[in-house]
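Beneath this line is the structure, given in structure tokens, with notes to follow.
Heavy atoms only: backbone and side chains are in, while hydrogens, waters and symmetry mates are out. Positions are given from 1, in the same order as the sequence printed here. Here the structure is a predicted model, which means the values were calculated and not measured.
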Amino acid sequence: MTGRSPQSQRHDRRLGFTEPLDGGKARYNVFKLAEMLVLQTLVNRGIKVEDAAGVARDAAQQVAWWALSQPGKIIDPTGKLEAVCQRLDVAPVALIISSPLGGFDYFRYCIMWPNKPWTFCDEIEKALADARATPGLLHGNEICSTDATTAGAMILLDLEAIGQLLASRTERPFIVGAERAE
């Protein structure tokens with residue numbers, strides 16, 4: 001489902017990059033599945049697991065948002081979640097993924113820059129304009145580092161597409177019931 005082989009998953013657990021939910025048997029919720037899918041996506045693009053783990057951890061909540069937004073991925077047999085959502089005028093996924101401080105900003109893209117931290121954004125053009133304004137990041141017509149110590153091109157992840165991929169790889173819903181919404 002995530003593209004990570006059992007051997008890679010064991011390696012990730014040994015190094016502390018991922019943990020199964022119950023500490024024993026490898027069972028994962030939608031957030032951990034999203035994290036492992038992003039991790040494998042970055043590894044497939046040549047990023048070392050050690051460097052990809054932080055990005056994957058941060059992007060997992062965004063990918064989970066998009067996966068849970070797909071039809072049929074949240075089942076509410078009791079109707080409690082729907083009642084709370086109607087009262088608060090929010091989508092079910094907004095109640096499931098939220099911060100303790102209130103609200104959750106979801107983004108469509110994650111950009112890994114060669115010489116600065118990864119960023120989340122909704123508009124590619126704005127992100128590229130910001131990059132063009134960063135000294136040393138633009139080289140000719142390509143956005144890449146001109147610093148030999150951090151040379152490389154940017155990596156763009158479409159978090160919505162990764163979330164849709166995760167949702168399409170599962171036969172059952174991710175969330176059943178409304179315990180979190182109460």
Side-chain angles (χ1 to χ4, degrees), residues 1-3 17-18 28-47 49 51-74 81-82 84-146 150 152-170 173-175 180-181:
M1 178 179 307
T2 64
F17 297 133
T18 62
Y28 300 100
N29 63 18
V30 65
F31 301 102
K32 284 298 181 180
L33 290 172
E35 183 178 335
M36 289 191 299
L37 184 57
V38 173
L39 185 69
Q40 186 61 41
T41 300
L42 291 170
V43 167
N44 289 346
R45 285 168 175 74
I47 305 297
V49 173
D51 296 331
V55 179
R57 197 171 302 112
D58 286 355
Q61 192 171 21
Q62 306 288 330
V63 170
W65 171 277
W66 291 108
L68 291 170
S69 297
Q70 302 306 306
K73 292 304 170 183
I74 301 173
L81 182 61
E82 184 178 345
V84 171
C85 290
Q86 286 179 349
R87 190 171 64 242
L88 298 175
D89 192 29
V90 297
V93 70
L95 288 180
I96 294 163
I97 301 178
S98 61
S99 76
L101 302 175
F104 171 69
D105 292 327
Y106 56 94
F107 298 100
R108 168 101 192 251
Y109 303 103
C110 176
I111 302 175
M112 280 187 72
W113 302 102
N115 61 350
K116 65 181 201 174
W118 56 89
T119 57
F120 294 99
C121 66
D122 280 324
E123 300 173 27
I124 295 297
E125 291 304 319
K126 182 180 180 320
L128 295 179
D130 291 346
R132 287 183 181 95
T134 303
L137 197 60
L138 189 62
H139 182 69
N141 288 330
E142 297 188 18
I143 294 179
C144 64
S145 175
T146 56
T150 58
M154 68 173 228
I155 295 176
L156 174 69
L157 298 175
D158 185 337
L159 303 174
E160 180 180 9
I162 295 171
Q164 290 172 348
L165 176 64
L166 180 59
S168 73
R169 290 182 174 177
T170 59
F174 292 114
I175 306 284
R180 172 102 191 248

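When every heavy atom of Thr170 is checked against every heavy atom of Ala167, the shortest pair comes out as OG1-O, 2.9 Å. Looking at every heavy atom in both residues, Ala56 comes nearest to Val38 through CA-CG1, 3.7 Å. Looking at every heavy atom in both residues, Ala60 comes nearest to Ala34 through O-CB, 3.5 Å. Closest approach of Ile47 to Asp51, counting heavy atoms only: CG2-CB, 3.8 Å.
In this structure, Arg169 CZ and Gln164 CD are separated by 13.0 Å, a value rounded to the nearest 0.5 Å. Here the straight-line distance linking atom CH2 of Trp65 with atom CD of Gln70 works out to 12.0 Å at 0.5 Å rounding. Annotation: the span from Ile155 atom CD1 to Cys110 atom SG amounts to 9.5 Å, rounded to 0.5 Å. Rounding to the nearest 0.5 Å gives a distance of 11.5 Å between CH2 of Trp118 and CG of Leu157.
Trp66 places a side-chain N or O within donor-acceptor distance of the main-chain N or O of Phe107, the cut-off being under 3.5 Å.
Counting only heavy atoms from C-beta outward, the side chains of Leu42 and Met112 approach each other to under 4.5 Å. Put simply, the side chain of Val30 reaches to within 4.5 Å of the side chain of Leu166, judged on heavy atoms. Between Ile162 and Gln62 there is no side-chain heavy-atom pair separated by less than 4.5 Å. Using a 4.5 Å heavy-atom cutoff, the side chains of Tyr109 and Asp158 are in contact.
Asp58 is linked by a salt bridge (charged side-chain N to carboxylate O under 4.0 Å, His left out) to nothing, counting only residues two or more places apart in sequence or in another chain. Taking the side-chain hydrogen bond (donor to acceptor under 3.5 Å, both in side chains) definition, one finds that Asp122 meets it with nothing, sequence neighbours left out.
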Step-by-step side chain to side chain contact (heavy atoms under 4.5 Å, CB included) determination, Phe174 to Leu33
CA-CA 10 Å; Phe174 292 114; Leu33 290 172; 4.3 Å; yes

